[in-house]
Amino acid sequence: MAQCQLSSNGLEGCSISSETPSVKELECILYSGKRYGNHVDEVWPNLFLGDMSMAHDRHGLWKLGITHVLNAAHGKMHCQGSHAFYGKTVDYHGVPANDVPTFDLSPYFYPAADYIHEALNSPGARIFVHCAVGVSRSASLVLAYLMIYHHYTLVDAIRKVKENRWIFPNRGFLKQLRTLDIQLRKQH
């Protein structure tokens, strides 16, 4: 059972069980800390998480040295991206996710993690992962990447990303990430 007594950085006050935490316990961790975000934040070396405002700022992405874009809201209103929009200098990958708890994002966990991993293993590459606000769909895909490729637990992945950006995946995505966490723990 979660006990939320938030400290200045918000993390120590959330005690969680040693196994994969419940959605309520995960929300306790997510509610902690700062509750605002920038348009873009570097959450892992050369991995940037952000919103559609930054996604539409080609000059800003160029200044950051972005070479790859993963749009977790591909084709959704106000979040349209494509190879044509970014041009030949940026590799684009779209995930047509809806930010609703009933949307099954889990089929995209491994393909998105593979895309991020391949991008980060390209010389000089920097990847920007985004959705509309940069806290739910895109954050869930970044968490899955850290869990799949860097063997982070879900809690450790959340804490790692929260060092640099406020995130809050919806409850449905948290349930799907819990399932991934349980599966990955069985494999290791």
Side-chain angles (χ1 to χ4, degrees), residues 20-21 23 26 29-30 37 40-52 54-55 61 64-76 79 81-83 86 90-188:
T20 301
V23 169
L26 292 169
I29 296 167
L30 290 164
V40 61
D41 295 290
E42 189 172 15
V43 297
W44 186 260
N46 299 314
L47 172 55
F48 296 80
L49 182 56
D51 63 18
M52 67 181 170
M54 191 66 202
L61 293 174
L64 284 173
I66 299 300
T67 58
H68 294 73
V69 171
L70 171 56
N71 177 358
H74 177 75
K76 305 305 174 195
C79 237
S82 67
H83 293 283
Y86 292 108
V90 173
D91 191 75
Y92 176 84
H93 182 76
V95 172
N98 291 320
D99 190 15
V100 293
T102 55
F103 183 85
D104 189 2
L105 188 62
S106 65
Y108 299 101
F109 287 164
Y110 279 91
D114 292 345
Y115 181 76
I116 293 169
H117 184 71
E118 288 171 21
L120 292 176
N121 281 321
S122 302
R126 292 165 73 94
I127 185 168
F128 176 62
V129 182
H130 78 91
C131 54
V133 183
V135 300
S136 186
R137 289 170 282 194
S138 56
S140 295
L141 295 179
V142 168
L143 293 171
Y145 162 73
L146 291 174
M147 294 164 66
I148 292 165
Y149 276 99
H150 296 282
H151 310 293
Y152 276 60
T153 64
L154 176 54
V155 170
D156 289 341
I158 288 170
R159 287 182 171 155
K160 180 64 181 168
V161 172
K162 281 180 60 70
E163 287 175 7
N164 295 301
R165 182 173 184 81
W166 182 77
I167 58 170
F168 205 88
N170 73 48
R171 285 188 143 209
F173 297 166
L174 287 176
K175 288 177 184 174
Q176 295 165 43
L177 287 165
R178 282 188 78 248
T179 300
L180 177 64
D181 191 49
I182 291 165
Q183 291 169 347
L184 292 170
R185 283 178 188 237
K186 287 179 183 174
Q187 291 174 11
H188 294 111

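Only a predicted model underlies this, so the values are computations on that prediction, with no experimental measurement involved.
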Exercise for the section: Give me the one residue out of Asp41, Val40, Ile167 that meets side chain to side chain contact (heavy atoms under 4.5 Å, CB included) with Leu49. Expected result: Ile167
Practice task
Give the C-alpha distance, both sets of side-chain angles, the deciding distance and a yes or no for side-chain contact (heavy atoms from CB on, under 4.5 Å) between Asn121 and Glu118.
Solution key: CA-CA 5 Å; Asn121 281 321; Glu118 288 171 21; 5.9 Å; no
Exercise for the section: Without swapping roles, check the side chain of Asp114 against the backbone of His117 for a donor-acceptor pair under 3.5 Å. Expected result: no
Exercise for the section: Verify side-chain contact (heavy atoms from CB on, under 4.5 Å) between Leu70 and Ile116, making sure each step is shown before the conclusion. Expected result: CA-CA 8 Å; Leu70 171 56; Ile116 293 169; 3.9 Å; yes
Practice task
Under the side chain to side chain donor-acceptor pair (under 3.5 Å) rule, collect the residues that match up with Tyr110, sequence neighbours excluded.
Solution key: none
Completion exercise
Rounded to the nearest 0.5 Å, the CZ atom of Arg159 sits from the CG atom of Leu143 at a distance of 13.0 Å
Exercise for the section: Check the pair Val161, Leu146 against side-chain contact (heavy atoms from CB on, under 4.5 Å), reporting the backbone distance first and the verdict last. Expected result: CA-CA 9 Å; Val161 172; Leu146 291 174; 3.7 Å; yes
Exercise for the section: Please determine which of Asn98, Asp99, Thr102 meets the side-chain hydrogen bond (donor to acceptor under 3.5 Å, both in side chains) test together with Asn170. Expected result: Asp99
Practice task
Mind listing the closest non-hydrogen atom pair of Ala72 and Arg137 along with its distance?
Solution key: O-CD, 3.5 Å
Practice task
For residues Val142 and Val43, determine if any side-chain heavy atom of one lies less than 4.5 Å from a side-chain heavy atom of the other.
Solution key: yes
Exercise for the section: Look only at the side chain of Glu163 and the backbone of Ile158, and say whether a donor-acceptor pair between them is shorter than 3.5 Å. Expected result: no
Exercise for the section: May I ask you to say whether Asp181 pairs ionically with Arg185, meaning some side-chain N is under 4.0 Å from a carboxylate O? Expected result: yes
Handout entry: Spatial distance of atom OG (Ser140) from atom CG (Leu154) [nearest 0.5 Å]
Key = 9.0 Å
Completion exercise
Here the gap from Thr179 atom OG1 to Phe109 atom CZ, rounded to the nearest 0.5 Å, amounts to 8.5 Å
Problem - Spatial distance of atom CG (Leu105) from atom CG (Leu174) [nearest 0.5 Å] - result: 11.0 Å
Exercise for the section: Decide yes or no for Leu120 and Tyr145: does some side-chain heavy atom of the first lie under 4.5 Å from some side-chain heavy atom of the second? Expected result: yes
Handout entry: Pair Tyr115-His68, side chain to side chain donor-acceptor pair (under 3.5 Å): steps then yes or no
Key = CA-CA 9 Å; Tyr115 181 76; His68 294 73; 4.8 Å; no
Fill in the blank from the handout: Rounded to the nearest 0.5 angstrom, the CE-CD distance for Met147 and Gln183 is 9.0 Å
Handout entry: Test of ring centre spacing under 6.0 Å for His130 and Phe48
Key = no
Handout entry: Sub-4.5 Å side-chain heavy-atom contact between Asn164 and Glu42
Key = no
Exercise for the section: Specify the closest pair of heavy atoms between Val129 and Ser138, including all atoms of both residues, with the distance to one decimal. Expected result: CG1-CB, 3.7 Å
Exercise for the section: Taking all non-hydrogen atoms of both residues into account, name the closest pair between Pro96 and Phe103 and its distance. Expected result: O-CZ, 3.6 Å
Problem - Backbone N/O of Leu64 and side chain of Arg126: donor-acceptor pair under 3.5 Å - result: yes
Fill in the blank from the handout: Nearest heavy-atom approach of Ala157 to Tyr152 is N-CD2, 3.6 Å
Problem - Spatial distance of atom CZ (Phe173) from atom CG (Leu26) [nearest 0.5 Å] - result: 14.5 Å
Problem - Pairwise side-chain contact, Val95 with His93, heavy-atom cut-off 4.5 Å (strictly under) - result: yes
Practice task
Assert yes or no for the condition that the ring centre distance of Trp44 to Tyr149 is strictly below 6.0 Å.
Solution key: no
Problem - Side chain Arg165, main chain Val135, donor-acceptor under 3.5 Å - result: no
Problem - Contact summary for His74 and Asn71, nearest pair of heavy atoms - result: N-OD1, 3.3 Å
Problem - Donor-acceptor under 3.5 Å (Thr153 side chain, Asp156 main chain) - result: yes
Exercise for the section: Could you label the plane-to-plane angle of the Trp166 and Phe168 rings as parallel, tilted or perpendicular, counting under 30° as parallel and over 60° as perpendicular? Expected result: parallel
Exercise for the section: Determine the minimum heavy-atom distance between Ala119 and Ile127, stating which atoms define it. Expected result: CB-CD1, 4.0 Å
